[in-house]
Chemist: 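Sharing a structure with you now.
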Amino acid sequence: MHSGPRPPYDFRSDTVTLPTPAMMAAIAGAALGDAARGDDPTVNALERLAARLVGKDDAVFVPSGTMANLAALLAHEVRGGEVIVEATAHLYNSEGGGLSVVAGAVPRPLPGRRGALDPDDVRTAIRGGADLALAPTRLVCVENTHNAAGGAVLPLSSLAALHRVCRDAGIPVHMDGARLFNAAAFLDVPLAEICGHVESVWFALCKGLGGPVGAILAGDAAFMQRARRAVKMLGGGMRQAGLIAAPALVALAEPWPGLRRDHALARRLADGLAAIDPSLVDAAGVQTNIVNCFVDRVTGDATAVAGALAERGVLANGKRNRIRFVTHAQVDEAAVEAAVAAVADVMRCGARRPDAVEVIR
Ligand SMILES: Cc1ncc(COP(=O)(O)O)c(C=O)c1O
């Protein structure tokens with residue numbers, strides 16, 4: 001009998017995973033202290049390990065990725081200047097405008113290719129301070145893997161080329177590495193090799209890694225001094241945070257087999273969807289744990305399709321033209337098969353918006 005996850009199978013995000021028994025045991029046994037005073041040994045151990053993994057001088061444990069991005073923007077002192085971002089980046093589209101509201105910067109969105117900024121476009125877009133009418137470029141932000149681009153991994157060569165352009169212009173590069181470990185698993189390189197091409201980076205502990213809460217922001221010593229001040233200002237100074245750092249340490253102990261399994265499940269899901277209709281997915285382009293299913297090419301409204309999938313025991317994010325499926329530790333092959341069967345059924349029967357009169361097809 002199947003002993004894995006049970007319906008509803010939840011593909012909405014890799015943030016939905018619950019702590020494992022080993023994580024719960026680590027929470028119960030965690031050594032604690034006042035983290036905001038630097039007294040929590042578990043947080044300190046997590047920060048030391050994280051800094052070593054990404055090859056930076058220092059790292060700080062923060063409650064969320066959004067706070068990591070904000071602290072990085074503040075530490076890079078972007079106020080009054082422009083921040084170049086890829087046009088579909090999470091930082092620009094999905095963080096409540098904090099880039100402008102909190103960090104005081106003007107976003108300069110540039111179109112990317114599968115989430116990757118073109119180094120030549122960035123060279124052209126960078127503004128120096130000579131023209132008093134222009135807000136000077138202060139920072140370039142990249143996202144790796146790229147969420148909206150279906151978990152696409154930034155090629156190392158393009159990242160290196162972008163870094164050269166920015167270094168020549170004296171502009172730092174910040175990486176939103178919410179799913180940095182997925183990128184490293186796909187590229188099969190150490191995290192530090194990717195992070196050598198950016199001045200600052202953060203990664204999530206509560207997405208593909210499966211920890212319950214938090215993110216790590218890392219950079220060189222001078223940047224981190226400013227970043228730690230920014231975290232404190234943003235309200236990220238935590239107290240006995242060893243309670244959430246302890247399961248993160250468990251998550252970091254052996255992340256690679258689980259991430260590779262998630263990627264294999266995503267490919268399997270993409271192949272299954274392509275077998276229903278090849279126009280639904282770019283199956284060959286699925287590199288990590290995100291599969292974008294472009295239902296508009298076959299049946300119309302993604303919100304209606306997501307609702308119809310939910311009725312069939314499969315949860316996924318439906319937005320505009322696509323359904324996003326994310327694989328993670330708490331879905332398995334049976335869940336993937338159920339998702340493919342549910343999509344096939346919805347394609348066959350059509351999907352109805354709760355308030356719609358006509359069946360979409
Ligand atoms: C690429 C990316 N950046 C940033 C975030 C924000 O992270 P958090 O939800 O921890 O604030 C997310 C969240 O899903 C994300 O996918």
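Note that ligands are numbered from 1 as they come in the structure, with each ligand's atoms numbered from 1 the same way.
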Chemist: Can you tell whether the side chains of D188 and R260 come within less than 4.0 Å, N to carboxylate O?
Modeler: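 So D188 pairs with R260 through a salt bridge.
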Chemist: Show me the side-chain donor-acceptor pairs of residues 76-83 shorter than 3.5 Å, one per line, residues at least two apart or across chains.
Modeler:
residue	atom	partner	partner atom	Å
H76	NE2	S200	OG	2.7
R79	NH2	V102	O	2.7
E82	OE1	R108	NH1	3.1
E82	OE2	R127	NH1	2.6

Chemist: Look at R268 together with D271 and state whether they make a salt bridge at an N to O cut-off of under 4.0 Å.
Modeler: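 Judged by the 4.0 Å cut-off on N to carboxylate O distance, R268 and D271 do not form a salt bridge.
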Chemist: Going by the angle between their ring planes, with limits at 30° and 60°, are F181 and W256 parallel, tilted or perpendicular?
Modeler: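 It falls in the parallel class, under 30°.
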Chemist: Return a table of N or O atom pairs, ligand 1 on one side and protein on the other, at distances under 3.5 Å, rounded to 0.1 Å.
Modeler:
residue	atom	partner	partner atom	Å
ligand 1	3 (N)	D176	OD1	3.2
ligand 1	3 (N)	D176	OD2	2.6
ligand 1	7 (O)	K207	NZ	3.2
ligand 1	10 (O)	G65	N	2.8
ligand 1	10 (O)	K207	NZ	3.4
ligand 1	11 (O)	G65	N	3.3
ligand 1	11 (O)	T66	N	2.8
ligand 1	11 (O)	T66	OG1	2.6
ligand 1	16 (O)	N147	ND2	3.0
ligand 1	16 (O)	R179	NH1	2.9

Chemist: Is there a continuous path of hydrophobic side-chain contacts, each under 4.5 Å between heavy atoms, that joins L73 to L110?
Modeler: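 Not linked; separate clusters.
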Chemist: Pick out which of K207, R179, R324 makes a salt bridge (Lys or Arg N to Asp or Glu O under 4.0 Å) with D14.
Modeler: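 Single pass found, and it is R179.
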